[in-house]
Number of protein chains: 2
Amino acid sequence: MEQNKIPQATAKRLPLYYRFLNNLQMQGKTRVSSKELSEAVKVDSATIRRDFSYFGALGKKGYGYNVEYLLGFFRKTLDQDELTDVALIGVGNLGTAFLNYNFTKNNNTKIVLAFDADPNKAGKEIGGVPVYHIDDLEEKLGNVKVAILTIPATEADRITERLVSKGIKGILNFTPARISVPDDVRVHHIDLAIELQALVYFLKHYPLDTKEEVL
Amino acid sequence: MEQNKIPQATAKRLPLYYRFLNNLQMQGKTRVSSKELSEAVKVDSATIRRDFSYFGALGKKGYGYNVEYLLGFFRKTLDQDELTDVALIGVGNLGTAFLNYNFTKNNNTKIVLAFDADPNKAGKEIGGVPVYHIDDLEEKLGNVKVAILTIPATEADRITERLVSKGIKGILNFTPARISVPDDVRVHHIDLAIELQALVYFLKHYPLDTKEEVL
DNA sequence: AATAAGTCGTGATATTTTTCACATATTCAC
DNA sequence: GTGAATATGTGAAAAATATCACGACTTATT
Ligand SMILES: NC(=O)c1ccc[n+]([C@@H]2O[C@H](COP(=O)([O-])OP(=O)(O)OC[C@H]3O[C@@H](n4cnc5c(N)ncnc54)[C@H](O)[C@@H]3O)[C@@H](O)[C@H]2O)c1
Ligand SMILES: NC(=O)c1ccc[n+]([C@@H]2O[C@H](COP(=O)([O-])OP(=O)(O)OC[C@H]3O[C@@H](n4cnc5c(N)ncnc54)[C@H](O)[C@@H]3O)[C@@H](O)[C@H]2O)c1
């Protein structure tokens with residue numbers, strides 16, 4: 001699809017740029033330089049210019065970038081005009097937090113339904129999202145292609161298999177399990193315990209005198 | 001401190017290895033190869049061997065790695081024997097989920113106290129962790145060096161400043177705000193909305209026929 | 001109109017990370 | 001013991017990412 005020449009590292013930063021540009025526009029700013037952007041999002045200004053340059057010459061020398069133009073460009077690039085439906089599996093501590101938080105501020109994704117194995121949770125609605133019993137997964141999932149996994153790790157493999165066979169193509173996996181999927185399914189692991197441990201490890205073992213911010 | 005020759009990419013994977021080795025030991029396995037590890041944690045086996053090699057020759061050719069030895073080694077390396085205290089700021093949706101989840105399974109970090117601006121939350125205890133009013137931050141924080149930030153983005157800068165002046169050295173920031181800190185403070189951003197958007201972007205724009213798993 | 005200040009886009013370079021591929025060592029089966 | 005199988009550790013190469021530094025162009029100022 002189109003140019004898949006865009007480096008992954010760049011692609012991961014696009015939503016960040018987009019969000020900040022939105023803020024700028026709301027503040028009524030009409031122009032912005034890579035230097036200003038850099039200070040706000042904490043990414044080197046050369047990296048920002050390089051990132052933008054993959055999409056062509058979006059700025060003007062000596063001027064910077066026009067906020068509205070850039071925003072419009074990224075809106076298209078990030079498909080901000082089409083809403084992507086997401087399913088959430090596991091309405092426990094984390095899952096409930098995600099349901100209550102509305103990802104649809106500034107955002108093109110929306111959790112449209114949730115599943116849980118607990119019969120007490122099925123039938124309810126949390127944050128405006130209906131919760132179904134996991135037994136009804138195949139029946140209710142419909143054409144949703146993205147799932148958030150917030151179930152116990154022990155359930156991850158079994159549920160993943162069911163999700164994949166129903167056509168899910170992207171999984172945001174919060175369980176510590178490293179799930180196996182076919183090659184055409186993308187899994188993004190967010191392992192909170194590990195993030196915390198890694199932070200502590202860095203604190204103890206790395207001097208850190210220079211500014212190095214870690215994602 | 002010791003060898004800070006260990007690449008950051010490697011350091012981030014250490015807790016993952018550690019957790020899996022723990023599982024292996026609990027299953028009674030005594031040896032493991034980089035190939036087996038690779039399948040379990042979804043990291044290329046050459047990368048695993050390279051990672052381990054930064055710490056010396058931990059394995060044996062033709063045999064693999066001794067689980068107990070490796071685990072003991074990483075336990076020391078990751079300071080699993082000392083518990084690091086953590087403060088949580090913002091007992092809302094996310095914060096409450098973290099308090100209820102006990103990070104101290106297999107883990108060397110523990111949330112020991114929490115703060116919130118809501119007077120109804122202060123004074124309570126959630127998941128065994130006392131919640132104080134944010135006004136008492138300076139008084140109660142003590143010698144804690146790591147904080148988890150789960151407050152509204154608008155509060156992030158102000159609270160960060162207070163944390164830093166009280167001596168916090170590591171922040172796990174869940175707010176969308178990109179906070180500014182002195183060079184000796186490490187910030188790790190976990191931006192859930194962006195993770196979700198990035199996943200959707202990859203799904204739509206990247207072919208993905210080969211196995212590429214993204215962290 | 002000329003000058004100064006600001007800023008992009010990018011070739012070149014540096015750094016970081018991953019992967020290949022193989023000499024070398026060990027184990028295991030018989 | 002011997003040979004086949006297994007698996008490490010690592011030099012070298014590749015790939016990915018980040019940064020430097022500067023020519024080219026814009027805007028603002030006097
Ligand atoms: N909460 C945290 O702070 C935190 C931190 C790090 C990792 N995690 C991980 O995130 C995951 C969820 O954590 P949590 O604290 O929300 O757990 P939780 O126990 O509160 O919630 C899990 C939910 O999944 C449901 N469930 C169980 N089996 C199911 C199945 N087969 N199908 C559908 N639903 C099922 C349960 O009924 C429960 O509601 C876990 O894997 C956990 O390790 C959580
Ligand atoms: N919940 C999610 O799923 C989710 C997803 C992505 C990002 N986030 C981000 O995480 C952060 C927290 O999200 P949430 O859903 O838990 O929000 P929330 O509103 O449920 O919780 C925020 C809590 O912080 C407290 N608070 C406000 N100001 C404070 C202050 N100055 N000092 C101390 N406490 C204060 C509030 O009383 C509240 O309890 C937000 O920045 C949000 O953007 C949350």
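Chain identifiers are assigned alphabetically (A, B, ...) following the order of the sequence lines, protein sequences preceding nucleic acid strands; residue numbering begins at 1 within each chain. The basis for the numbers below is simple: all heavy atoms, side chains too, and nothing from hydrogens, waters or symmetry mates.
Taking the side-chain hydrogen bond (donor to acceptor under 3.5 Å, both in side chains) definition, one finds that A/T47 meets it with nothing, sequence neighbours left out. Annotation: salt bridge (Lys or Arg N to Asp or Glu O under 4.0 Å) contacts of B/K140 (sequence neighbours excluded): none. Checked against side-chain contact (heavy atoms from CB on, under 4.5 Å), A/V164 has the following partners two or more places apart in sequence or in another chain: A/T160, A/V181, A/P182, A/V185. Taking the side-chain contact (heavy atoms from CB on, under 4.5 Å) definition, one finds that B/A46 meets it with B/D44, B/R49, sequence neighbours left out. Partners of A/A153 by side-chain contact (heavy atoms from CB on, under 4.5 Å), not counting sequence neighbours, listed by chain and number: A/T175, A/P176, A/A177.
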* To do: Treat primed atoms plus P, OP1 and OP2 as sugar-phosphate and everything else as base, then score nucleotides 21-30 of chain D 5' to 3': B for base contact with protein heavy atoms under 4.0 Å, S for sugar-phosphate contact only, - for none.
  => B-BBBBS---
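B/S34 has a side-chain polar atom (N or O) that falls below the 4.0 Å cut-off from OP1 or OP2 of D/dT8.
The CD1 atom of A/I48 sits 12 Å away from the P atom of C/dG9 (whole-angstrom rounding). The separation between B/L37 atom CG and D/dG9 atom C1' is 15 Å, rounded to whole Å. When rounded to the nearest whole Å, the span between NZ of A/K35 and P of C/dG6 equals 8 Å. In this structure, the CZ atom of B/F55 is 17 Å from the C1' atom of D/dT8, given to the nearest Å.
Using a 4.0 Å heavy-atom criterion, one finds that A/S45 contacts no nucleic acid atom at all. If you check every strand for non-hydrogen atoms under 4.0 Å, B/F52 touches nothing.
Sorted by first then second residue, the side chain to side chain donor-acceptor pair (under 3.5 Å) pairs that include residues 58-69 of chain B, not counting sequence neighbours, number zero. Counting only residues at least two apart or in different chains, ring-ring contact (aromatic ring centres under 6.0 Å, His included) contacts with residues 144-178 of chain B comprise B/F98-B/F174. Residue pairs meeting the side chain to side chain donor-acceptor pair (under 3.5 Å) criterion with at least one partner in residues 144-156 of chain B, sequence neighbours excluded, are B/N143-B/K145, B/E155-B/R158.
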Look for any protein N or O under 3.5 Å of an N or O in nucleotides 14-18 of chain D and output each such pair with its distance, or none.
from	atom 1	to	atom 2	distance (Å)
D/dA18	OP1	A/R13	NH1	3.4
D/dA18	OP2	A/R13	NH1	3.0
D/dA18	OP2	A/R13	NH2	2.9

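Under the 4.5 Å side-chain criterion, counting only non-hydrogen atoms from C-beta, A/L163 is in contact with A/L141.
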Counting only pairs under 3.5 Å, give me each side-chain donor-acceptor contact of residues 81-94 of chain B, with atom names and distances, residues two or more places apart or in other chains.
from	atom 1	to	atom 2	distance (Å)
B/E82	OE1	A/K204	NZ	2.8
B/N93	OD1	A/N100	ND2	3.4

* Structure fact -> Dot-bracket for DNA chain D, 5' to 3', Watson-Crick and G-U pairs with both distances under 3.5 Å, [ ] for crossing pairs, | for partner on another strand, reads ||||||||||||||||||||||||||||||
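A salt bridge does not link B/K12 with A/E195: none of the charged nitrogens is closer than 4.0 Å to a carboxylate oxygen.
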